[in-house]
A.B. asks: 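Right, I'll just put the structure down here and ask away after.
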There are 2 protein chains.
Amino acid sequence: MVAITIKDVAALAGVSVATASRVLSGSPATSPEARASVVAAAARLDYRPNAQARALRSTHTESIGLLVSDVRNPFFADLAHTVEQAALAAGYVTLLGNANERKEQQDRYLDTLISRRVDGIVLAPLGDGSGSIRSLIQRKIPTVFVDRTVDGVDVPSVTTDSETGIRQAVEHLAAAGHTRIGYISGPQAISTGRDRFAAFTRAVAEFGLSQDPELVYFGDFQAASGSLGVHALLELRQPPTALLAADSPMAVGAIAILHKRGMRIGRDVALIAFDDIEWFALLDPALSVISHSVEEMGRIAVKMLLEVIGGGTPESVVLPSELIIRASSAMPLAGAAGATGAPASVSPASVSPEFVSPAAGQSLRKN
Amino acid sequence: MVAITIKDVAALAGVSVATASRVLSGSPATSPEARASVVAAAARLDYRPNAQARALRSTHTESIGLLVSDVRNPFFADLAHTVEQAALAAGYVTLLGNANERKEQQDRYLDTLISRRVDGIVLAPLGDGSGSIRSLIQRKIPTVFVDRTVDGVDVPSVTTDSETGIRQAVEHLAAAGHTRIGYISGPQAISTGRDRFAAFTRAVAEFGLSQDPELVYFGDFQAASGSLGVHALLELRQPPTALLAADSPMAVGAIAILHKRGMRIGRDVALIAFDDIEWFALLDPALSVISHSVEEMGRIAVKMLLEVIGGGTPESVVLPSELIIRASSAMPLAGAAGATGAPASVSPASVSPEFVSPAAGQSLRKN
DNA sequence: CGTTTCCATGGAAACGATTCCACGGGATGC
DNA sequence: GCATCCCGTGGAATCGTTTCCATGGAAACG
């Protein structure tokens, strides 16, 4: 770790450090000769400016922080990817942190991002406005929330309107004759967990389905709780005939346990997941999902953050969600009144043909 | 962004900055009274030390960099997670970068990590030893390679022994009567791409299977190329009866295109993927995989990096891989000589859906 | 030709922390 | 009771860079 400093460059180039600095940071007040020799010297020594020192003096770092709540959740992995690409295009490098759905870790990362003086932060927040989130606001560090919000904290955000998609899903299940829908909810400490649960509650009431509180299992947005949720719901005296999972990892956990119990998805039980993940369409039966655009969310979040950094105060954006019906929920409930009843007129938002076509519907052997 | 510095804390506490610094960094040479008042002042002002300034003076930052080649690849997402947890346990915070399988992005991230003076770097390298990797070595920045290596660059690494798993997979397919295995390879510019391809070539020769070079498609480890690969392989005059994908995203791409073409995995064509991803077992048929432990890889990588930071020179570690047989490859090739291993010279071209017997095993119909 | 303007340059201050060094006073040793 | 040691403390140097300010020489102008 032998350090090569700007002094070495200046010495080799035969100029002062001030001139070397000017050349290296592209100040116009330099002569061609100085420029040439400094550039040559820097290249020859493979000089890398010390970002700490640079950031200490000037107050921007050309970097942003992105703190997601779980990298292993494909939704956030995709989000990380799009945010990073968008930021790169704008000349910023993205430091990615993983809160792992834990408040202490979120606080810890937030602290390091703050003390590393990133120019701005894109955050999928967790918990309430206490702890490091409060500091973030007080310090007026440019921040935008993504996917989630925090009550009482006034920060521009990009979120999804869960209401529409969930309403469509419930409507669709009701039309297929389901009256008892099991809901695997996210935690109520997270805005998306609350919003989606509220939307579900309203939809169930609206379509006259069972409001039995036992039909709701509160998970933590991670896979294991999806398994536990299915387990609990299927043990009920009157188990649900359809399941709705509030995010994709919980859906994965749900599918795993359904397999293990020998339940056939799409026949013995319908399943719909919030979040559209590439390979959900590859499952057999393909999984019906409530889809929303990660790419757009990431792109807009970066755009908004740049606005905040530039001193603006952008309006929050709410992106739409929509139901995509595939085979996991396409079949009417066996023996249900629904097949003959009025709800048959319900027309779902969108059906992607390739996933419910006879080709995909052909029988595949299962192990 | 009003800055609260240690000066403010010292002033409020009524001590000098030197004393404040000592208290805040836990130096023993402080009096209880000083400690109390400084801590109180810091809390009251919500003081966060400026990491830049701190790192400028002391030469360590308590942070490591982790540069993965593709966050959206679940293998790397999992790796990121385990590395991050292991590092956190050791008191380091992890800055995650995503090279997106592109050398320029890798160089760019490496540069920023270097100039931010991380204490060490865990890198899944890309390309040859040129560019920023060279700088890394020259500067003697503690580094360990993970998953991949770079020829001619002497850095401790944690990798997987692809040979065993791939040999098992080929043996297994040969035993099932397959003679033409299509291989969807990774790029030859990446060590794992080369190693796995070489292992495949050797295994195919060893078991007397077709060495037709047309049976190999060179992809780029990303999903789209898996689709292209399947497409190309199935268009051959003599298409393969089994497919082996060198990583999981390409396997996903492969599955998608197989579905679209109406090919039934496990019956019309066998499929095995390198990398075990949680939900591969949830597919129907469940996917046979060559498995290796991400958790261990991440844990060991961090342990080795800490050793290097501490001045040691740990030995490189090679982790085992093993075949896990599931339904996607479990069925013997119809009309083949059988599972005894003697590969008969049955023309694979004769295999088409019509000839596949309704099958042993509990065949489940799908909706 | 003399004065002003311009501009590349170097010296030095500043950023916010850590840390070396010197100092003073209380406790200790003889 | 005097010299020594220890220890908490403050002043100041330091890390590597940017940037303000002064300088001096060349160009431009009258």
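In what follows, every chain begins at residue 1, and chains take the letters A, B, ... in the order their sequences are listed.
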A.B. asks: What string of B, S and - do you get for nucleotides 15-22 of chain C 5' to 3' if you count protein non-hydrogen atoms under 4.0 Å?
C.D. replies: BBSBBB--
A.B. asks: Are side-chain heavy atoms of B/V158 and B/M304 found at a separation under 4.5 Å?
C.D. replies: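 Side-chain contact under 4.5 Å: yes.
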A.B. asks: If you define the side chain from C-beta out and look only at heavy atoms, does anything of B/R57 sit under 4.5 Å from A/Q52?
C.D. replies: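 Heavy-atom side-chain distance check fails, nothing below 4.5 Å.
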A.B. asks: For A/T5 and A/K7, indicate whether the former's side chain and the latter's backbone hold a donor-acceptor pair under 3.5 Å.
C.D. replies: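 Yes; judged by distance alone, with no hydrogens or angles, the pair exists.
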A.B. asks: Can you give each donor-acceptor pair under 3.5 Å made by side-chain atoms of residues 18-25 of chain B, sequence neighbours left out, with the distance rounded to 0.1 Å?
C.D. replies:
residue, atom, partner, partner atom, Å
B/T19, OG1, B/S16, OG, 3.2
B/S25, OG, B/S21, O, 2.8

A.B. asks: What are the two closest non-hydrogen atoms of B/A124 and B/Q106, and how far apart are they?
C.D. replies: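 Between these two residues, the closest heavy atoms are O-OE1, 4.1 Å.
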A.B. asks: Applying salt bridge (Lys or Arg N to Asp or Glu O under 4.0 Å), can you list everything that pairs with B/E307, at least two apart in sequence or on another chain?
C.D. replies: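 Applying salt bridge (Lys or Arg N to Asp or Glu O under 4.0 Å) to B/E307 gives none.
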A.B. asks: Chain B on DNA chain D: first and last contacting nucleotide, 5' to 3', under 4.0 Å to a heavy atom?
C.D. replies: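 The contacted stretch runs from D/dG8 to D/dG16.
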A.B. asks: Just by modelled atom types, is the B/V294 backbone N or O under 3.5 Å from a matching donor or acceptor in the B/D78 side chain?
C.D. replies: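 No; zero donor-acceptor contacts below 3.5 Å.
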A.B. asks: Applying salt bridge (Lys or Arg N to Asp or Glu O under 4.0 Å) as the test, list every pair that has at least one member in residues 26-47 of chain A; sequence neighbours left out.
C.D. replies: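 Applying salt bridge (Lys or Arg N to Asp or Glu O under 4.0 Å) to every pair that reaches into residues 26-47 of chain A, excluding sequence neighbours, yields A/D46-A/R48, A/D46-B/R139.
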A.B. asks: Please step through side-chain hydrogen bond (donor to acceptor under 3.5 Å, both in side chains) for the pair B/E104 and B/Y109, ending with a clear verdict.
C.D. replies: CA-CA 9 Å; B/E104 322 86 71; B/Y109 265 108; over 6 Å; no
A.B. asks: Could you go through the salt bridge (charged side-chain N to carboxylate O under 4.0 Å, His left out) check for A/R148 and A/E101 one step at a time?
C.D. replies: CA-CA 12 Å; A/R148 307 167 171 186; A/E101 299 287 10; 3.0 Å; yes
A.B. asks: Answer with base, sugar-phosphate or nothing: what part of the nucleic acid does A/A34 contact at a heavy-atom distance below 4.0 Å?
C.D. replies: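 Sugar-phosphate only.
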A.B. asks: Starting at the 5' end of DNA chain D, what dot-bracket string do you get if Watson-Crick and G-U pairs under 3.5 Å are bracketed, crossing pairs use [ ], other-strand pairs use | and unpaired bases use dots?
C.D. replies: ||||||||||||||||||||||||||||||
